[in-house]
> 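Following this message is one structure expressed as structure tokens.
Residue numbers count from 1 along this sequence. These numbers come from the heavy atoms of this one structure, side chains and all, not from hydrogens, waters or symmetry mates. Counting starts at 1 for both ligands and their atoms, following the listed order.
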Amino acid sequence: MPFKSETDSEVLVQLVEYIMQSNGLEVLEALQVALQQVIGAYAIVILDREHPDTLICARKSSPLVIGLGADGDYHIASDALPIAAYTSQAVYLDDNDIAILRYGQPLQVVNIQNEAQHPKIKQIDRTLGDISKGDYPFFMLKEIFEQPDCLRDCMRGRVLSDDDTISLSAVADYRKQLTEASRILIVACGTSWHAGLIGKQLIERFCRIPVEVEYASEFRYRDPVILPGDVVIAISQSGETADTLAAAELARSKGALVFGICNAVGSSISRQTHTGIYIHVGPEIGVASTKAFTGQVTVLSMLALCLAHERKTISEADYHELVGELRRIPAKMETALQTNELIRQLAPVFTYARNCLYLGRGYNYPVALEGALKLKEISYIHAEGYPAAEMKHGPIALIDSEMPVFVIATRETLLDKLRSNIQEVKARGGRITALTTVGDNSIRRYADHVIELPDTHECFQPLIASVPLQLLAYHIAVSKGLDVDYPRNLAKSVTVE
Ligand code: F6R
């Protein structure tokens with residue numbers, strides 16, 4: 001049969017029609033035959049013009065959720081968010097399942113071999129149906145400002161204020177495998193990968209378990225070595241990122257315990273993992289991830305401290321002190337958000353930059369990567385994040401008075417060394433904007449602009465320091481008149497490779 005289109009969904013429809021006509025089959029039977037032949041991921045809905053009262057949906061490796069309305073109506077989407085306003089009940093199709101939807105009639109599900117399936121009905125989170133920008137001009141700004149409350153939600157019932165301890169059911173349920181893990185592999189993409197880099201530092205420092213962080217897209221195709229005793233953590237806001245899902249499935253098939261850190265409840269990754277922790281920061285609408293990032297870092301902080309306590313690799317005193325400090329982070333984030341007006345005024349200065357550098361060390365190195373990613377995504381200014389000491393190995397050649405350099409220079413072990421890195425940039429005419437800890441004036445003389453942040457333990461600095469960088473990217477993009485929530489070429493969930 002000649003191909004009539006280069007679009008895969010159009011080819012699939014042609015194939016189904018061809019099978020119907022050449023074998024005298026109905027659309028459901030023809031679809032079952034077709035889907036046994038096709039390779040790859042799909043989430044499809046078919047309407048046969050001869051049977052306009054029936055919709056047939058099928059999925060494999062791409063998400064598909066069916067909302068069950070109260071009046072016999074159905075709602076189909078790739079996640080629960082868009083249908084939450086219409087129904088609170090949903091069915092998530094499994095791979096190779098086909099659902100037949102007829103208005104007013106019960107949902108029927110079979111697989112591609114035509115065996116009847118009985119999927120469970122799940123409740124949709126009620127808060128999903130209630131999404132608005134409120135008084136904010138963009139979802140991104142709202143989500144940046146929501147972060148203190150989001151982190152409180154994320155810690156609720158997990159960080160216990162009575163005795164400054166952490167209780168995680170996932171750790172209780174899989175205590176042996178997690179505490180005895182010989183290695184942890186973190187797989188994720190984009191911003192979630194940056195959170196993973198912070199998770200690595202937290203887990204290695206407090207739990208003394210070696211951690212590797214990989215791009216899910218690379219991990220899935222390089223035949224990775226997975227050893228008995230490995231734990232794989234898949235981090236994903238949407239829980240639908242195709243590469244992260246495939247990496248989690250691969251790890252599971254090779255015998256690893258797979259642990260999910262997701263935001264979207266009921267998402268594919270959360271269903272594919274053995275256990276995990278939801279970040280519970282509420283739906284994130286802005287394409288540029290903000291509150292999901294700080295939620296992921298909060299979950300990784302809780303996980304690291306909880307596991308370290310179980311493994312006795314942290315002293316009791318340090319454990320309680322750090323848990324107490326984690327509890328204080330939302331309030332400190334509120335203080336960090338007060339830099340908004342200063343950053344709004346500063347932002348137009350950077351509107352015409354063509355390139356920017358973000359520098360940080362230790363826990364703040366991933367913050368530099370994340371700050372640069374935010375700027376790239378929504379302002380379309382090229383930006384790179386670098387570990388500050390790496391500057392002299394190449395990128396310092398780029399420094400001149402045209403190049404804004406953002407340095408995360410908050411109080412931390414490596415601050416003295418970072419100060420020398422800042423001097424190197426200054427000596428070459430770089431224009432420095434420094435994030436510093438309030439009360440530390442040692443950076444001021446090298447910096448053109450200083451943004452002061454509240455003090456915290458260095459391991460929690462990313463939760464504070466990422467806030468002004470989110471605001472900076474936001475205000476620069478707004479100054480350029482760009483659509484912050486829906487930047488060009490980007491999708492909120494990347495459900496394809
Ligand atoms: C950046 C951003 C992306 C996502 C990445 C992974 O602001 O949103 O880089 O972080 O596409 O998405 P999730 O976390 O849904 O797997």
> Output the list of atoms in ligand 1 that are nearer than 4.0 Å to some heavy atom of Ala288, sorted by atom number.
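Counting atoms of ligand 1 from 1, those under 4.0 Å from Ala288 are 7 (O).
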
> Considering only the protein, which heavy-atom contact is closest to atom 11 (O) of ligand 1, and what is its distance?
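In this structure, atom 11 (O) of ligand 1 has Val494 CG2, 4.0 Å as its nearest protein heavy atom.
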
> For ligand 1, which atoms, with element, lie under 4.0 Å from some heavy atom of Ser236?
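Near Ser236, meaning under 4.0 Å from one of its heavy atoms, ligand 1 has 13 (P), 14 (O), 15 (O), 16 (O).
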
> State the atoms of ligand 1, each with its element, that fall below the 4.0 Å cut-off from a heavy-atom position in Lys374.
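Atoms satisfying the 4.0 Å criterion: 1 (C), 7 (O).
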
> How far is atom 2 (C) of ligand 1 from its nearest protein heavy atom, and which residue and atom is that?
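The closest one turns out to be Glu377 OE2, 3.5 Å.
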
> Please state whether Val287 comes within less than 4.0 angstrom of ligand 1, counting heavy atoms only.
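Checking ligand 1 against Val287, which is what was asked, there is a heavy-atom contact under 4.0 Å.
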
> Note the single closest protein heavy atom to atom 16 (O) of ligand 1, along with its residue, its atom name and the distance in Å.
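Nearest neighbour among protein heavy atoms for atom 16 (O) of ligand 1, to 0.1 Å: Thr241 OG1, 2.4 Å.
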
> Identify the protein heavy atom lying closest to atom 5 (C) of ligand 1, giving its residue, its atom name and the separation to 0.1 Å.
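That would be Cys189 O, 3.7 Å.
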
> Would you kindly say whether Ser267 and Glu240 are connected by a side-chain donor-acceptor distance under 3.5 Å?
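No, no side-chain donor-acceptor pair sits under 3.5 Å.
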
> Consider every N or O of Gln296 and every N or O of ligand 1, then say whether any pair is closer than 3.5 Å.
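N/O-N/O distance under 3.5 Å: no.
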
> Parallel, tilted or perpendicular: which one describes the rings of His457 and Phe206, with boundaries at 30° and 60°?
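Taking Phe206 first and then His457, their aromatic rings sit tilted (interplane angle of 30° to 60°).
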
> Any chance you could measure Leu375, atom CG, to Phe406, atom CZ, to the nearest 0.5 Å?
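If I round to the nearest 0.5 Å, the distance is 6.5 Å.
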
> Got a donor-acceptor contact below 3.5 angstrom from the His274 side chain to the Val258 backbone?
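Looks like yes, one N/O pair under 3.5 Å.
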
> Residues two or more places apart in sequence or in another chain: which of them pass ring pair (Phe, Tyr, Trp, His ring centres under 6.0 Å) with His309?
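Ring pair (Phe, Tyr, Trp, His ring centres under 6.0 Å) check on His309 returns Tyr319.
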
> Could you measure the distance from the NZ atom of Lys291 to the NZ atom of Lys142? Nearest 0.5 Å is fine.
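The distance works out to 6.0 Å.
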
> Considering only the protein, which heavy-atom contact is closest to atom 15 (O) of ligand 1, and what is its distance?
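The closest one turns out to be Ser238 OG, 2.7 Å.
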
> From Leu414 CG over to Tyr363 OH, what is the distance, rounded to the nearest 0.5 angstrom?
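Result: 10.5 Å between the selected atoms.
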
> Provide, to 0.1 Å, the distance between atom 3 (C) of ligand 1 and the closest protein heavy atom, together with that atom's residue and name.
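Looking only at protein heavy atoms, the one closest to atom 3 (C) of ligand 1 is Thr191 N, 4.1 Å.
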
> Under 4.0 Å from any heavy atom of Ser192, which atoms of ligand 1 are there?
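That gives atoms 10 (O), 13 (P), 14 (O) of ligand 1.
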
> Backbone N or O of Ile235 within a donor-acceptor pair of the Gln296 side chain at under 3.5 Å?
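Between the backbone of Ile235 and the side chain of Gln296 there is no qualifying donor-acceptor contact (under 3.5 Å).
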
> Salt bridge (charged side-chain N to carboxylate O under 4.0 Å, His left out) between Glu458 and Arg205: does it pass, once the steps are laid out?
CA-CA 12 Å; Glu458 65 176 340; Arg205 172 166 183 175; 3.0 Å; yes

> Please confirm whether Glu240 approaches ligand 1 to less than 4.0 Å, judged on its heavy atoms.
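No heavy atom of Glu240 comes that close to ligand 1.
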
